[in-house]
Colleague: 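First the structure, which I've put down as structure tokens, then a few questions once you've had a look.
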Amino acid sequence: MTVLPPELPDFARTPERRAADLFAEFVRRRARRVPLPGQSTARRFATLSELGQRDLSVARLAEGHLDAAAILHELGHHLPVAGERWGVWAARPPGPGVSATRTGEGWEISGVKPYCSGARSCTHALVTADADDGYRLFAVALDHPGAKPLEGTWPAIGMAGSDSLDMSFTNVRARAVGGVEDYLTRPGFQHGGIGVAACWLGGAHAVAAILYERAAAGRLNEHTAAHLGTIDMLLHTADGVLLRAGEEIDTDPLDKRREARTRSLRVRALIEKVCTEVMDHVGRATGAGPLCRDERHARAVADLTVYVRQHHAEANLAELGRLAVAGSAGESR
């Protein structure tokens, strides 16, 4: 039997363990210095994009912790303290889901919540649940014996390190955060959606890195140079749009102008399109070789392919189309 040393080299760690370690390091060293939405939001988005360029699974975990802090702040609760690592678990696919019941001491939640990123590395989570008066958000400490990750429910190759297992809750004590539907109707919900897209964009930069490295080494032919030119234009455009979105949020963090939803839909749709096209151009420029022989590149492509599918595709584009028509009609009056 081989006994591994306590400090495992990177290749000996599972993707989940590696991402969990880097997530803990980010929370310990950097998280509290990241601005809240409305307070230098462009810098917040730049941090998320940089994390996505390094490792999309780590970015997913960090984004959840930062989003939890923003939600707690916006809804009048204390920010996470040292030693806490938070997730936001709000997936709501068809099925029974999670329910909340009132007790003499507050609330309890029970049920199964899917796609809980950081299921084994978070210490706390904000969890959505159906209560007797509507859809609510609850803060939960994950050391409760009734909170258990369900092994084998995240067999994904892409985003494997995000450890997005289903979580089972059985009579777990919970604290209500905000009122009914506050999680969805607050302005920060739209700002947070752009934060997720910032992670996607970092992932696109990671996928494109192989072509920039070839260019720096003087190994571009005309075919590859044309693909890199297209990629550079796409990434530069998306970086600029993300920067502008952050600046716009800072001028209207409470969304008094009612522009946050349209902004979020536009930015997310653009960045999703950029990610998709960057992956296509890189693949056409390089062929299968890097996907087969370059572990870093192959993981970046697999991770981005999964993560960017959080975009709701044509459903979001249809909503944007209706909002664009309504906006044009309002401007013409």
Colleague: Any salt bridge between Arg186 and Glu74, counting N to O under 4.0 Å?
Modeller: yes
Colleague: Please lay out, stage by stage, how Arg18 and Asp55 fare under the test salt bridge (Lys or Arg N to Asp or Glu O under 4.0 Å).
Modeller: CA-CA 10 Å; Arg18 177 180 179 277; Asp55 188 303; 2.5 Å; yes
Colleague: Can you tell if the side chain of Val140 reaches within under 4.5 Å of the side chain of His124, non-hydrogen atoms only?
Modeller: no
Colleague: Decide, yes or no, whether a salt bridge links Glu295 with Arg299 under the criterion of side-chain N to carboxylate O below 4.0 Å.
Modeller: yes
Colleague: State whether a side-chain donor-acceptor pair under 3.5 Å links His191 with Arg44.
Modeller: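 The criterion, which ignores hydrogens and geometry beyond distance, is not satisfied for Arg44 and His191.
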Colleague: Any side-chain to backbone donor/acceptor pair from Asp67 onto Gly192? Under 3.5 Å, distance only.
Modeller: no
Colleague: Among side-chain atoms of Asn171 and His144, is any donor-acceptor pair under 3.5 angstrom?
Modeller: no
Colleague: Assess whether atom CZ of Arg244 is packed by more than 12 heavy atoms of other residues, nucleotides or ligands within 6.0 Å.
Modeller: no
Colleague: Does a side-chain heavy-atom distance below 4.5 Å link Ile109 with Arg173?
Modeller: no
Colleague: State plainly whether one hydrophobic cluster holds both Phe138 and Tyr183, where clusters connect Ile, Leu, Val, Met, Phe, Trp and Tyr through side-chain heavy atoms under 4.5 angstrom apart.
Modeller: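 Different clusters.
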Colleague: Within 45° of the ring axis of Tyr135 and under 6.0 Å from its six-membered ring centre, is that where the NZ or CZ of Arg92 lies?
Modeller: yes
Colleague: Whether Arg43 and Glu247 form a salt bridge (side-chain N of Lys/Arg under 4.0 Å from carboxylate O of Asp/Glu) is what I want to check.
Modeller: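 No.
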Colleague: So, are Glu181 and Arg136 salt-bridged, with charged N and O less than 4.0 Å apart?
Modeller: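 Judged by the 4.0 Å cut-off on N to carboxylate O distance, Glu181 and Arg136 do not form a salt bridge.
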Colleague: Could you tell me whether the side chain of Phe169 reaches within less than 4.5 Å of the side chain of Val127, counting heavy atoms only?
Modeller: yes
Colleague: One pair to check against salt bridge (Lys or Arg N to Asp or Glu O under 4.0 Å): Arg17 and Asp163. What are the steps and the verdict?
Modeller: CA-CA 9 Å; Arg17 184 68 264 160; Asp163 202 25; over 6 Å; no
Colleague: Check this for me: does any side-chain nitrogen of one of Glu319 and Arg261 sit under 4.0 Å from a carboxylate oxygen of the other?
Modeller: yes
Colleague: Does Pro149 offer a backbone N or O that forms a donor-acceptor pair with the side chain of Arg120 under 3.5 Å?
Modeller: no
Colleague: State, to 0.1 Å, how close His77 and Ala176 come at their nearest heavy-atom pair, and which atoms those are.
Modeller: CE1-O, 3.6 Å
Colleague: Apply side-chain contact (heavy atoms from CB on, under 4.5 Å) to residues Leu320 and Asn316 and explain how you reach the verdict.
Modeller: CA-CA 6 Å; Leu320 178 57; Asn316 279 169; over 6 Å; no
Colleague: Evaluate the side-chain proximity of Arg175 to Trp107: yes if any heavy-atom separation is below 4.5 Å, no if none is.
Modeller: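 Not touching, per the 4.5 Å side-chain cut-off.
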Colleague: With rounding to the nearest 0.5 angstrom, report the CD1 to CD distance, Ile249 to Gln39.
Modeller: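 The CD1 atom of Ile249 sits 12.5 Å away from the CD atom of Gln39.
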Colleague: May I ask you to decide if Arg284's main-chain N or O and Asp280's side chain share a donor-acceptor pair within less than 3.5 Å?
Modeller: no
Colleague: Go through it in stages, so that I can follow the logic: the residues are Asp250 and Thr41, the test is side chain to side chain donor-acceptor pair (under 3.5 Å), and I'd like the CA-CA distance, side-chain angles, deciding distance and then a yes or no.
Modeller: CA-CA 6 Å; Asp250 286 350; Thr41 312; 2.5 Å; yes
Colleague: Give a yes or no on whether the backbone of Ala20 and the side-chain of Ser121 come within a donor-acceptor separation of less than 3.5 Å.
Modeller: no
Colleague: Return yes if a side-chain donor-acceptor contact under 3.5 Å exists between Lys113 and Ser168, otherwise no.
Modeller: no
Colleague: Are Val98 and Val112 close enough that some pair of their side-chain heavy atoms sits under 4.5 Å apart?
Modeller: no
Colleague: Between Asp232 (side chain) and Gly229 (backbone), is there a donor-acceptor pair under 3.5 Å?
Modeller: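 Flag not set: sc Asp232 to bb Gly229 has no pair under 3.5 Å.
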Colleague: Is the side chain of Ser264 donor-acceptor paired with the backbone N or O of Ala260 at a distance under 3.5 Å, no angle test?
Modeller: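 No: the side chain of Ser264 does not pair with the backbone of Ala260.
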Colleague: Could you tell me if Ser117 and Ser164 have a donor-acceptor pair between their side chains, going purely by distance under 3.5 Å?
Modeller: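 Yes - a donor-acceptor pair under 3.5 Å links their side chains.
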Colleague: Locate the shortest heavy-atom distance separating Ala91 from Pro114; write the atom from each residue and the value.
Modeller: CB-O, 3.7 Å
Colleague: Working to the nearest 0.5 Å, report the span between NE2 of His73 and CD1 of Ile71.
Modeller: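 That separation rounds to 12.5 Å.
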Colleague: Do the side chains of Val301 and Leu201 join up, straight or via other hydrophobic residues, at under 4.5 Å, putting them in one cluster?
Modeller: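 In one cluster: yes.
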Colleague: Looking at Asp252 and Arg263, is any side-chain nitrogen of the basic one under 4.0 Å from a carboxylate oxygen of the acidic one?
Modeller: no
Colleague: First locate atom CZ of Phe23, then atom CG of Leu51, and finally report the distance between them rounded to the nearest 0.5 Å.
Modeller: 11.0 Å
Colleague: Going through the distances and angles, do Asp239 and Leu243 end up as a side-chain contact (heavy atoms from CB on, under 4.5 Å)?
Modeller: CA-CA 6 Å; Asp239 286 340; Leu243 173 63; over 6 Å; no
Colleague: Please assess Arg268 against Glu272 for the test salt bridge (Lys or Arg N to Asp or Glu O under 4.0 Å), listing each intermediate value before the final yes or no.
Modeller: CA-CA 6 Å; Arg268 284 168 61 90; Glu272 184 269 343; over 6 Å; no
Colleague: Does Val172 reach the side chain of Glu108, with side-chain heavy atoms less than 4.5 Å apart?
Modeller: no
Colleague: For Glu105, does the CD atom sit with more than 12 other heavy atoms under 6.0 Å from it, leaving out its own atoms?
Modeller: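 At most 12 heavy atoms, drawn from other residues, nucleotides or ligands, come within 6.0 Å of this atom.
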Colleague: Where do Asp255 and Pro187 come nearest, in terms of heavy atoms and distance?
Modeller: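 Nearest pair, atom of Asp255 first, then Pro187: CB-CB, 4.0 Å.
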Colleague: Quick check: His223 with His227 (ring centres under 6.0 Å apart)?
Modeller: yes
Colleague: Stepwise, does the side-chain contact (heavy atoms from CB on, under 4.5 Å) test hold for Leu211 with Thr286?
Modeller: CA-CA 8 Å; Leu211 286 190; Thr286 63; 3.7 Å; yes
Colleague: Closest heavy-atom contact between Ala238 and Ile271?
Modeller: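 For Ala238 and Ile271, the tightest heavy-atom pair comes out as CB-CG1, 4.4 Å.
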Colleague: Side-chain heavy atoms nearer than 4.5 Å, only ILVMFWY residues, links allowed to pass through others: does that put Leu184 and Val177 together?
Modeller: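 Linked, Leu184 and Val177 end up in one cluster.
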Colleague: Does either side chain, that of Arg257 or that of Thr251, offer a donor lying less than 3.5 Å from an acceptor on the other one?
Modeller: yes
Colleague: Go through it in stages, so that I can follow the logic: the residues are His205 and Tyr212, the test is side-chain contact (heavy atoms from CB on, under 4.5 Å), and I'd like the CA-CA distance, side-chain angles, deciding distance and then a yes or no.
Modeller: CA-CA 10 Å; His205 278 279; Tyr212 285 96; 5.8 Å; no
Colleague: How long is the straight-line distance from CD of Glu63 back to CZ of Phe45, given to the nearest 0.5 Å?
Modeller: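 The CZ atom of Phe45 sits 10.0 Å away from the CD atom of Glu63.
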Colleague: Counting only heavy atoms not in Arg32 (residues, nucleotides, ligands), do more than 12 fall under 6.0 Å from its CZ?
Modeller: no
Colleague: Taking all heavy atoms of Val58 and all of Ala19, pick out the closest pair and write down the distance.
Modeller: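 Taking every non-hydrogen atom into account, CG2-CA, 3.9 Å.
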Colleague: Could you tell me which non-hydrogen atom of Leu61 sits nearest to which non-hydrogen atom of Gly161, and how far apart they are?
Modeller: CD1-O, 4.3 Å
Colleague: Indicate yes or no for a side-chain donor-acceptor contact from Thr153 to the backbone of Asp166 under 3.5 Å, with no hydrogens or angles considered.
Modeller: yes
Colleague: Membership question, hydrophobic clusters at under 4.5 Å side-chain separation (ILVMFWY): are Leu235 and Leu228 in the same one?
Modeller: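 Yes; tracing contacts between hydrophobic side chains, which count when under 4.5 Å, links both residues.
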Colleague: Return the OG1 to CH2 distance between Thr123 and Trp86, rounded to the nearest 0.5 Å.
Modeller: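 So the gap between those two atoms works out to 7.5 Å.
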Colleague: How many angstroms lie between CG in Leu137 and CG in Leu75, if you round to the nearest 0.5 Å?
Modeller: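 Answer for the CG-CG pair, Leu137 versus Leu75, is 7.0 Å.
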Colleague: Taking the six-membered ring for Trp, are Trp154 and Tyr115 parallel (under 30°), tilted (30 to 60°) or perpendicular (over 60°)?
Modeller: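 Correct class here is perpendicular.
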Colleague: Count the heavy atoms of every other residue, nucleotide or ligand shown that sit under 6.0 Å from CZ of Arg54, and state whether that count exceeds 12.
Modeller: no
Colleague: Do Leu242 and Val207 sit in one hydrophobic cluster, given that two such residues count as connected whenever their side-chain heavy atoms are within less than 4.5 Å of each other, even indirectly?
Modeller: yes
